[in-house]
Amino acid sequence: MTVTALLFASYADVLNRDRVELALPAGATVREALAQLRALPGGGLLPPAPLVAVNQAYARDDAILVHGDELAVIPPVAGG
Amino acid sequence: MTVTALLFASYADVLNRDRVELALPAGATVREALAQLRALPGGGLLPPAPLVAVNQAYARDDAILVHGDELAVIPPVAGG
Amino acid sequence: MRTTIVDRPIDPAVLLAEVADARNGAAILFLGTVRNVNDGRAVTGIEYSAYREMAERELAAIAQEAAERFGTRDIVVEHRLGALALGEVSVAIAVAHSHRAAGYDASRYVIEELKRRVPIWKREAYVDGTREWVDPTAQPSVMSS
Amino acid sequence: MRTTIVDRPIDPAVLLAEVADARNGAAILFLGTVRNVNDGRAVTGIEYSAYREMAERELAAIAQEAAERFGTRDIVVEHRLGALALGEVSVAIAVAHSHRAAGYDASRYVIEELKRRVPIWKREAYVDGTREWVDPTAQPSVMSS
């Protein structure tokens, strides 16, 4: 299955991109998707347990992904 | 000595005036000035212990007045 | 810092502009406005009056206290007197601060102290044509509970 | 109730007009503005970016929560994205309420939740020409303590 990972702010900087299509086995969790991102050039600079959102809602790292999900990796927010 | 009493809002209504010159003995206190006001027509409608200010600062009813003081009798404030 | 008793409409934008400063990260504006219902009665307008000289002194003292307690001099307060229609602004308090928590606290301090001790009074006019001085220390009527 | 992510300057008067209602006795406006110093460094401007669709959802959810908790639907929030100069308004929160205490609490709730969970980021530009993403979870530097 395919999941679209979105990267923002400092995370987009370290991975030098703001979007990655990930190919994952059925039943994969957020944690497995993050492991794939860490394997990319610069991915080692992501923190051990970043905030994530699946389809625009905050999610835990054991959430199970399904084909077509949008997985956002969210740096510390700084609005206001 | 003479003290100018100022009346506001509902107190001016009950005494039907907003200013009274009071003739008081030297050393008189706020309490004695209030007693004079109560003796005026409508003065019985003043509360037993109204807020007062002497020369634009809140004062206690045992404060001693001096000639020329401005004694304000202050209804419950309702600004804002 | 400025505190003023005014006899004309209050323009909140003026107060916000006065407290603006690039050192500040937060501005808080409080507006008190004339409500159409008070204590269960339909209100058509309010007339504000004051012991004007003392009200000006007390307002200035409150702003000074807020400046010292909360660490900003970017405080502007205006209170209006006279006849106000529904929805009109009776009081505006603008506070700016480098940090928001202290800004909110300063704003709150000014309005609570203003209501507690500034000698200003209001007489409400009701739909039935009667008028009454508002006494915040009185027990609310059964209707409003 | 309205919550919007915008790409143009914020006009606080528009928000105040939107929450105005004769039922309300108090309006509270919060403005977040770009400070010239952060964590001890001289700032020249800030660029805001967002996960826009999610930021819009979270903002709307926060306003809805505030409405339910504090009892008013007169809540309008705008957050601006893009490059902002010193002193410009990045966020405006207008709340009106029949009573001021709940109005202040609702205003405070919205800004605290916004800062906690709305996916918006800012990159500060400094006088030395460098730029850095702001991380509110990082330890402050020794300079700012």
Side-chain angles (χ1 to χ4, degrees), chain A residues 2-22 29-31 33-34 36-38 40-80, chain D residues 3 5-6 10 30-35 38-39 43 46-62 77-82 84 88-93 107-124 131-139:
Chain A
T2 306
V3 164
T4 302
L6 302 180
L7 302 158
F8 298 95
S10 57
Y11 297 173
D13 284 358
V14 298
L15 280 147
N16 201 30
R17 69 189 88 188
D18 58 13
R19 184 185 191 93
V20 188
E21 302 296 325
L22 301 177
T29 64
V30 166
R31 202 156 36 223
L34 289 173
Q36 276 207 17
L37 288 172
R38 277 206 194 79
L40 296 172
L45 294 169
L46 290 175
L51 278 178
V52 295
V54 175
N55 301 328
Q56 302 170 17
Y58 286 108
R60 293 165 35 146
D61 70 355
D62 59 359
I64 293 171
L65 298 165
V66 301
H67 179 75
D69 273 353
E70 182 176 284
L71 170 69
V73 194
I74 310 230
V77 302
Chain D
T3 53
I5 306 287
V6 302
I10 290 171
F30 173 85
L31 301 179
T33 52
V34 177
R35 293 169 62 199
N38 190 24
D39 196 19
V43 173
I46 293 186
E47 193 186 339
Y48 282 90
S49 60
Y51 180 13
R52 189 159 187 144
E53 301 80 4
M54 183 173 166
E56 284 170 347
R57 280 191 190 202
E58 287 290 322
L59 261 191
I62 290 166
V77 184
E78 292 189 358
H79 199 300
R80 184 175 169 192
L81 301 182
L84 274 71
E88 282 200 287
V89 175
S90 52
V91 59
I93 299 164
S107 175
R108 216 43 219 280
Y109 180 83
V110 172
I111 186 61
E112 299 303 331
E113 288 299 299
L114 185 159
K115 286 184 172 271
R116 198 174 70 78
R117 58 193 245 218
V118 177
I120 293 177
W121 301 278
K122 60 183 173 190
R123 185 157 53 174
E124 289 179 338
R131 296 192 301 175
E132 258 176 50
W133 293 105
V134 175
D135 179 358
T137 66
Q139 295 301 312

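On a predicted model such as this, the values are computed, not experimentally measured, just so you know. Every chain is numbered from 1 and lettered A, B, ... according to where its sequence line falls, protein lines coming before strand lines.
The candidate from Ser90(D), Gly32(D), Pro119(D) with the greatest count of non-hydrogen atom pairs under 4.5 Å with chain A is Pro119(D).
Residue pairs satisfying the side chain to side chain donor-acceptor pair (under 3.5 Å) criterion with at least one member in residues 8-18 of chain A, sequence neighbours excluded, are listed as follows: Asp13(A)-Trp133(D).
Smallest separation of non-hydrogen atoms from Val118(D) and Val77(A): O-CB, 3.4 Å. The heavy-atom pair separating Thr137(D) from Pro76(A) by the smallest distance is OG1-CG, 3.8 Å. In terms of heavy atoms, Gln56(A) sits closest to Arg57(D) at OE1-NE, 2.9 Å.
Residue contact with chain D, scored on non-hydrogen atoms closer than 4.5 Å, involves the side chain of Leu6(A) exclusively. Interface remark: Ala50(D) contributes backbone atoms only to the contact with chain A (heavy atom separation under 4.5 Å).
A donor-acceptor contact shorter than 3.5 Å is absent between the side chain of Tyr48(D) and the backbone of Ala78(A). Distance alone, capped at 3.5 Å, is enough to place a donor-acceptor pair between the Trp121(D) side chain and the Pro75(A) backbone.
For Arg38(A), there are no side chain to side chain donor-acceptor pair (under 3.5 Å) partners at least two apart in sequence or on another chain. Glu58(D) meets the salt bridge (Lys or Arg N to Asp or Glu O under 4.0 Å) test with Arg117(D); sequence neighbours excluded.
Environment of CZ in Arg131(D): sparse, with no more than 12 heavy atoms of neighbouring residues, nucleotides or ligands closer than 6.0 Å.
Listed in order of number, the residues of residues 65-74 of chain A that approach chain D to under 4.5 Å between heavy atoms are Glu70(A), Ala72(A), Ile74(A).
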